[in-house]
Amino acid sequence: MDETKTLVRFFTIADFEEEEKWLREQHNRGWKLTNAAVFLYTFERCAPEDVIYRLDYKNGEENEEYFQLFRDYGWEYFDQNAGWLYFRKPAAEVETEADGEIFSDGLSRVEMVQHVVKTRMLPLLVIFLCCLLPNLIRSIEGSVPFASFFSVLFGILFVLYCYLITYCGVKLARLKKKYDEQL
Amino acid sequence: MTALFFSKKSRNPLDKYIEVRYILYRSPIYRSEMEVDRLDKRIQRIYVPMTESGFYILFCLQRPQHGYGIGQMVKMMTGGALTISAGTMYGTLSKMEADGLIAFVREEEKRKLYQITPLGEEILNLELERIERLYQNSRGEIYHG
(Lines give C-alpha, C1' and ligand atoms only; values in the text may rest on other atoms or scores of the structure.)
Protein backbone atom coordinates (compact mmCIF):
# COMPACT_ATOMS: atom_id res chain seq x y z
CA MET A 1 0.00 0.00 0.00
CA ASP A 2 1.55 3.28 -1.08
CA GLU A 3 1.80 6.13 1.34
CA THR A 4 -1.24 8.39 1.20
CA LYS A 5 -2.22 11.69 2.75
CA THR A 6 -5.47 13.59 2.93
CA LEU A 7 -5.50 17.36 3.00
CA VAL A 8 -8.34 19.75 3.71
CA ARG A 9 -8.47 22.73 1.36
CA PHE A 10 -11.38 25.00 0.49
CA PHE A 11 -11.48 25.97 -3.17
CA THR A 12 -14.62 27.83 -4.18
CA ILE A 13 -16.19 27.59 -7.64
CA ALA A 14 -14.11 30.61 -8.58
CA ASP A 15 -10.77 29.19 -7.41
CA PHE A 16 -10.22 26.54 -10.07
CA GLU A 17 -7.06 28.22 -11.41
CA GLU A 18 -5.51 28.19 -7.94
CA GLU A 19 -6.59 24.59 -7.46
CA GLU A 20 -4.91 23.58 -10.72
CA LYS A 21 -1.71 25.30 -9.66
CA TRP A 22 -1.78 23.71 -6.19
CA LEU A 23 -2.32 20.20 -7.57
CA ARG A 24 0.58 20.69 -9.98
CA GLU A 25 2.82 21.79 -7.10
CA GLN A 26 1.82 18.74 -5.08
CA HIS A 27 2.70 16.43 -7.95
CA ASN A 28 6.05 18.17 -8.31
CA ARG A 29 6.68 17.26 -4.68
CA GLY A 30 5.78 13.62 -5.30
CA TRP A 31 2.11 13.54 -4.40
CA LYS A 32 -0.49 12.73 -7.02
CA LEU A 33 -4.17 13.35 -6.45
CA THR A 34 -6.26 10.21 -6.42
CA ASN A 35 -9.57 11.51 -5.12
CA ALA A 36 -11.19 14.86 -4.47
CA ALA A 37 -14.41 15.06 -2.44
CA VAL A 38 -15.65 18.61 -1.84
CA PHE A 39 -12.84 19.89 0.40
CA LEU A 40 -10.99 16.61 1.08
CA TYR A 41 -8.07 15.88 -1.22
CA THR A 42 -6.49 12.42 -1.07
CA PHE A 43 -2.98 12.07 -2.45
CA GLU A 44 -0.75 9.07 -3.12
CA ARG A 45 3.04 9.00 -3.08
CA CYS A 46 4.60 8.95 -6.51
CA ALA A 47 7.74 9.96 -8.36
CA PRO A 48 8.03 13.77 -8.44
CA GLU A 49 7.07 14.89 -11.92
CA ASP A 50 5.88 18.10 -13.52
CA VAL A 51 2.29 17.27 -14.35
CA ILE A 52 -0.26 19.82 -15.51
CA TYR A 53 -3.66 19.62 -13.86
CA ARG A 54 -6.76 21.12 -15.49
CA LEU A 55 -10.35 21.36 -14.32
CA ASP A 56 -13.40 21.49 -16.54
CA TYR A 57 -16.88 22.24 -15.23
CA LYS A 58 -19.41 19.97 -16.85
CA ASN A 59 -21.99 19.47 -14.09
CA GLY A 60 -22.96 15.98 -15.21
CA GLU A 61 -23.24 16.83 -18.91
CA GLU A 62 -20.16 14.90 -19.91
CA ASN A 63 -20.45 11.81 -22.13
CA GLU A 64 -18.25 9.15 -23.75
CA GLU A 65 -17.41 11.31 -26.79
CA TYR A 66 -16.24 14.08 -24.46
CA PHE A 67 -13.89 11.76 -22.57
CA GLN A 68 -12.60 10.15 -25.77
CA LEU A 69 -11.81 13.58 -27.20
CA PHE A 70 -9.82 14.51 -24.11
CA ARG A 71 -8.08 11.15 -24.14
CA ASP A 72 -7.11 11.75 -27.77
CA TYR A 73 -5.60 15.08 -26.76
CA GLY A 74 -3.49 13.30 -24.16
CA TRP A 75 -5.45 14.23 -21.03
CA GLU A 76 -5.87 11.60 -18.32
CA TYR A 77 -9.25 11.82 -16.61
CA PHE A 78 -9.05 10.56 -13.05
CA ASP A 79 -11.71 12.10 -10.86
CA GLN A 80 -14.97 13.95 -10.61
CA ASN A 81 -15.79 16.36 -7.79
CA ALA A 82 -19.00 18.35 -7.45
CA GLY A 83 -19.54 18.80 -11.17
CA TRP A 84 -15.85 19.45 -11.89
CA LEU A 85 -13.80 16.99 -13.98
CA TYR A 86 -10.12 16.53 -13.19
CA PHE A 87 -7.59 16.00 -15.96
CA ARG A 88 -3.81 15.75 -15.93
CA LYS A 89 -1.05 15.52 -18.50
CA PRO A 90 2.73 15.33 -17.97
CA ALA A 91 4.39 18.60 -18.91
CA ALA A 92 6.97 16.63 -20.88
CA GLU A 93 4.29 15.68 -23.39
CA VAL A 94 3.38 19.30 -23.99
CA GLU A 95 4.92 20.76 -27.13
CA THR A 96 3.26 24.17 -27.34
CA GLU A 97 1.71 26.20 -24.55
CA ALA A 98 -1.75 25.55 -25.92
CA ASP A 99 -1.23 21.79 -25.53
CA GLY A 100 -1.15 22.31 -21.80
CA GLU A 101 -4.54 24.00 -21.73
CA ILE A 102 -7.99 22.60 -22.25
CA PHE A 103 -9.26 25.91 -23.61
CA SER A 104 -7.50 27.66 -26.46
CA ASP A 105 -9.61 30.77 -26.74
CA GLY A 106 -11.23 33.22 -24.38
CA LEU A 107 -14.73 32.57 -25.67
CA SER A 108 -14.84 28.97 -24.49
CA ARG A 109 -13.43 29.97 -21.11
CA VAL A 110 -16.13 32.61 -20.72
CA GLU A 111 -18.76 30.00 -21.55
CA MET A 112 -17.40 27.70 -18.87
CA VAL A 113 -17.57 30.48 -16.27
CA GLN A 114 -21.09 31.37 -17.40
CA HIS A 115 -22.07 27.73 -16.98
CA VAL A 116 -20.70 27.78 -13.43
CA VAL A 117 -22.59 30.96 -12.62
CA LYS A 118 -25.83 29.66 -14.04
CA THR A 119 -25.74 26.27 -12.31
CA ARG A 120 -23.92 27.06 -9.06
CA MET A 121 -24.13 30.76 -8.19
CA LEU A 122 -27.79 31.22 -9.00
CA PRO A 123 -29.02 28.25 -6.91
CA LEU A 124 -26.84 29.55 -4.09
CA LEU A 125 -28.53 32.93 -4.34
CA VAL A 126 -31.96 31.34 -4.48
CA ILE A 127 -31.27 29.27 -1.34
CA PHE A 128 -29.89 32.37 0.33
CA LEU A 129 -32.89 34.56 -0.44
CA CYS A 130 -35.68 32.04 -0.14
CA CYS A 131 -34.52 29.80 2.69
CA LEU A 132 -31.81 31.39 4.75
CA LEU A 133 -33.10 34.94 5.04
CA PRO A 134 -36.69 34.08 5.98
CA ASN A 135 -35.50 31.55 8.55
CA LEU A 136 -33.02 34.00 9.99
CA ILE A 137 -35.64 36.69 10.32
CA ARG A 138 -38.10 34.28 11.88
CA SER A 139 -35.55 33.12 14.43
CA ILE A 140 -34.61 36.66 15.38
CA GLU A 141 -38.26 37.56 15.83
CA GLY A 142 -38.53 34.70 18.28
CA SER A 143 -41.57 33.08 16.71
CA VAL A 144 -39.81 29.72 16.56
CA PRO A 145 -38.95 27.34 19.44
CA PHE A 146 -35.26 27.49 20.43
CA ALA A 147 -35.22 30.91 18.73
CA SER A 148 -31.95 32.06 20.24
CA PHE A 149 -30.10 28.92 19.13
CA PHE A 150 -31.43 29.18 15.60
CA SER A 151 -30.70 32.88 15.51
CA VAL A 152 -27.07 32.18 16.17
CA LEU A 153 -26.98 29.29 13.71
CA PHE A 154 -28.67 31.18 10.91
CA GLY A 155 -26.70 34.27 11.79
CA ILE A 156 -23.44 32.42 11.23
CA LEU A 157 -24.76 30.86 8.03
CA PHE A 158 -25.89 34.29 6.88
CA VAL A 159 -22.46 35.78 7.31
CA LEU A 160 -20.86 32.77 5.63
CA TYR A 161 -23.22 32.95 2.67
CA CYS A 162 -22.74 36.70 2.30
CA TYR A 163 -18.98 36.24 2.24
CA LEU A 164 -19.11 33.32 -0.21
CA ILE A 165 -21.54 34.96 -2.59
CA THR A 166 -19.58 38.19 -2.66
CA TYR A 167 -16.22 36.46 -3.01
CA CYS A 168 -17.36 34.09 -5.77
CA GLY A 169 -19.47 36.67 -7.53
CA VAL A 170 -16.70 39.24 -7.72
CA LYS A 171 -14.01 36.72 -8.65
CA LEU A 172 -16.11 35.06 -11.36
CA ALA A 173 -16.94 38.46 -12.82
CA ARG A 174 -13.26 39.35 -12.83
CA LEU A 175 -12.35 36.03 -14.48
CA LYS A 176 -15.02 36.53 -17.11
CA LYS A 177 -13.61 39.99 -17.88
CA LYS A 178 -10.09 38.57 -18.11
CA TYR A 179 -11.18 35.84 -20.52
CA ASP A 180 -13.23 38.27 -22.59
CA GLU A 181 -10.07 40.22 -23.29
CA GLN A 182 -8.12 37.10 -24.18
CA LEU A 183 -7.96 35.93 -27.77
CA MET B 1 -20.67 43.42 -32.84
CA THR B 2 -21.17 46.09 -35.48
CA ALA B 3 -24.69 46.74 -36.60
CA LEU B 4 -25.33 45.48 -40.09
CA PHE B 5 -27.13 47.80 -42.44
CA PHE B 6 -28.45 46.42 -45.69
CA SER B 7 -29.30 48.58 -48.65
CA LYS B 8 -30.29 47.39 -52.06
CA LYS B 9 -27.34 49.27 -53.51
CA SER B 10 -24.61 47.86 -51.20
CA ARG B 11 -22.73 44.78 -52.36
CA ASN B 12 -22.56 43.38 -48.87
CA PRO B 13 -22.01 39.61 -49.04
CA LEU B 14 -24.45 39.31 -46.18
CA ASP B 15 -27.25 40.13 -48.61
CA LYS B 16 -26.59 36.75 -50.19
CA TYR B 17 -26.70 35.11 -46.79
CA ILE B 18 -30.03 36.62 -45.93
CA GLU B 19 -31.32 35.57 -49.33
CA VAL B 20 -30.27 31.98 -48.70
CA ARG B 21 -31.89 31.93 -45.27
CA TYR B 22 -34.99 33.44 -46.81
CA ILE B 23 -35.29 30.68 -49.35
CA LEU B 24 -34.46 27.91 -46.94
CA TYR B 25 -36.45 28.85 -43.95
CA ARG B 26 -39.07 31.41 -44.68
CA SER B 27 -41.88 29.21 -45.91
CA PRO B 28 -44.77 29.96 -43.57
CA ILE B 29 -45.44 26.27 -43.03
CA TYR B 30 -41.93 25.77 -41.70
CA ARG B 31 -41.44 28.61 -39.29
CA SER B 32 -43.09 31.74 -38.02
CA GLU B 33 -41.77 35.12 -39.19
CA MET B 34 -40.55 36.08 -35.77
CA GLU B 35 -38.70 32.84 -35.24
CA VAL B 36 -36.91 33.12 -38.58
CA ASP B 37 -35.95 36.68 -37.77
CA ARG B 38 -34.56 35.61 -34.44
CA LEU B 39 -32.64 32.73 -36.04
CA ASP B 40 -31.20 35.03 -38.70
CA LYS B 41 -30.00 37.52 -36.15
CA ARG B 42 -28.62 34.83 -33.91
CA ILE B 43 -26.59 33.09 -36.60
CA GLN B 44 -25.42 36.48 -37.83
CA ARG B 45 -24.33 37.48 -34.38
CA ILE B 46 -22.39 34.33 -33.73
CA TYR B 47 -20.85 33.39 -37.04
CA VAL B 48 -20.32 36.60 -38.98
CA PRO B 49 -17.45 37.27 -38.79
CA MET B 50 -16.16 33.93 -37.59
CA THR B 51 -13.54 33.27 -34.97
CA GLU B 52 -10.32 31.72 -36.25
CA SER B 53 -11.05 28.39 -34.56
CA GLY B 54 -14.59 28.40 -35.91
CA PHE B 55 -13.40 29.02 -39.44
CA TYR B 56 -10.79 26.26 -39.35
CA ILE B 57 -13.20 23.75 -37.83
CA LEU B 58 -15.83 24.47 -40.45
CA PHE B 59 -13.20 24.39 -43.18
CA CYS B 60 -11.81 21.02 -42.08
CA LEU B 61 -15.26 19.50 -41.83
CA GLN B 62 -15.78 19.64 -45.58
CA ARG B 63 -14.72 16.00 -45.24
CA PRO B 64 -16.07 13.83 -42.38
CA GLN B 65 -13.77 14.16 -39.41
CA HIS B 66 -13.76 13.82 -35.63
CA GLY B 67 -12.66 16.36 -33.04
CA TYR B 68 -9.09 15.27 -32.53
CA GLY B 69 -8.61 14.76 -36.27
CA ILE B 70 -9.69 18.36 -36.85
CA GLY B 71 -7.28 19.51 -34.17
CA GLN B 72 -4.38 17.71 -35.81
CA MET B 73 -5.28 19.04 -39.26
CA VAL B 74 -5.45 22.61 -37.98
CA LYS B 75 -2.11 22.30 -36.23
CA MET B 76 -0.50 20.99 -39.41
CA MET B 77 -2.22 23.46 -41.76
CA THR B 78 -1.25 26.48 -39.69
CA GLY B 79 2.26 25.22 -39.06
CA GLY B 80 1.61 25.12 -35.32
CA ALA B 81 0.45 28.74 -35.17
CA LEU B 82 -3.06 27.76 -34.15
CA THR B 83 -3.99 25.01 -31.71
CA ILE B 84 -7.58 24.22 -30.82
CA SER B 85 -7.64 22.59 -27.40
CA ALA B 86 -9.95 19.83 -26.24
CA GLY B 87 -12.47 21.87 -24.29
CA THR B 88 -12.75 24.53 -26.97
CA MET B 89 -13.12 21.88 -29.69
CA TYR B 90 -15.90 20.05 -27.86
CA GLY B 91 -17.78 23.26 -27.11
CA THR B 92 -17.52 24.64 -30.64
CA LEU B 93 -18.57 21.34 -32.23
CA SER B 94 -21.60 21.10 -29.94
CA LYS B 95 -22.61 24.66 -30.71
CA MET B 96 -22.19 24.28 -34.46
CA GLU B 97 -24.21 21.08 -34.43
CA ALA B 98 -26.98 22.77 -32.46
CA ASP B 99 -26.96 25.69 -34.91
CA GLY B 100 -27.16 23.38 -37.89
CA LEU B 101 -23.79 24.25 -39.41
CA ILE B 102 -22.46 20.69 -39.05
CA ALA B 103 -24.13 17.32 -38.73
CA PHE B 104 -23.25 14.04 -37.07
CA VAL B 105 -22.25 11.48 -39.70
CA ARG B 106 -21.32 8.29 -37.86
CA GLU B 107 -19.47 7.00 -34.82
CA GLU B 108 -16.10 5.26 -34.89
CA GLU B 109 -14.68 3.84 -31.66
CA LYS B 110 -16.53 6.30 -29.43
CA ARG B 111 -15.52 9.21 -31.68
CA LYS B 112 -18.28 11.18 -33.33
CA LEU B 113 -17.57 12.15 -36.93
CA TYR B 114 -19.08 15.37 -38.19
CA GLN B 115 -19.45 16.96 -41.60
CA ILE B 116 -20.47 20.39 -42.81
CA THR B 117 -24.11 20.95 -43.83
CA PRO B 118 -25.38 23.03 -46.76
CA LEU B 119 -26.08 25.87 -44.35
CA GLY B 120 -22.58 25.55 -42.97
CA GLU B 121 -21.20 25.67 -46.50
CA GLU B 122 -23.07 28.90 -47.20
CA ILE B 123 -21.64 30.53 -44.12
CA LEU B 124 -18.16 29.17 -44.88
CA ASN B 125 -18.35 30.64 -48.38
CA LEU B 126 -19.35 34.02 -46.98
CA GLU B 127 -16.36 33.89 -44.67
CA LEU B 128 -14.05 32.85 -47.50
CA GLU B 129 -15.26 35.80 -49.56
CA ARG B 130 -14.60 38.09 -46.64
CA ILE B 131 -11.07 36.70 -46.24
CA GLU B 132 -10.48 37.07 -49.99
CA ARG B 133 -11.61 40.70 -49.81
CA LEU B 134 -9.33 41.42 -46.84
CA TYR B 135 -6.40 39.74 -48.57
CA GLN B 136 -6.86 41.60 -51.85
CA ASN B 137 -7.32 44.93 -50.11
CA SER B 138 -4.25 44.27 -47.98
CA ARG B 139 -2.20 43.97 -51.16
CA GLY B 140 -3.54 47.24 -52.47
CA GLU B 141 -5.98 45.70 -54.89
CA ILE B 142 -9.59 46.71 -55.22
CA TYR B 143 -12.04 43.95 -54.37
CA HIS B 144 -14.56 43.33 -57.12
CA GLY B 145 -16.68 40.61 -55.49
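Note on naming: letters A, B, ... go to the chains in the order of the sequence lines (proteins, then strands), and numbering restarts at 1 for each one.
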*Contact part of B:Glu107 toward chain A, heavy-atom cut-off under 4.5 Å: side chain, backbone, both or neither?*
side chain

*Between A:Tyr53 and A:Phe78, what is the ring plane arrangement, given parallel below 30°, perpendicular above 60°, and tilted in between?*
perpendicular

*Are A:Phe128 and A:Phe158 close enough that their ring centers fall under 6.0 Å?*
yes

*Do you know which of A:Thr96, A:Ile102, A:Asn63 has the most heavy-atom pairs under 4.5 Å to chain B?*
A:Ile102

*Mind telling me whether A:Phe70 and A:Tyr66 have parallel, tilted or perpendicular rings, with 30° and 60° as the class edges?*
tilted

*Could you look at A:Glu65 and say if it's the side chain, the backbone, both or neither that has a heavy atom under 4.5 Å from chain B?*
both

*For the ring pair A:Trp22 and A:Phe43, is the centre-to-centre distance below 6.0 Å?*
yes

*Considering only heavy atoms, which portion of A:Glu97 lies under 4.5 Å from any heavy atom of chain B: side chain, backbone, both, or neither?*
neither

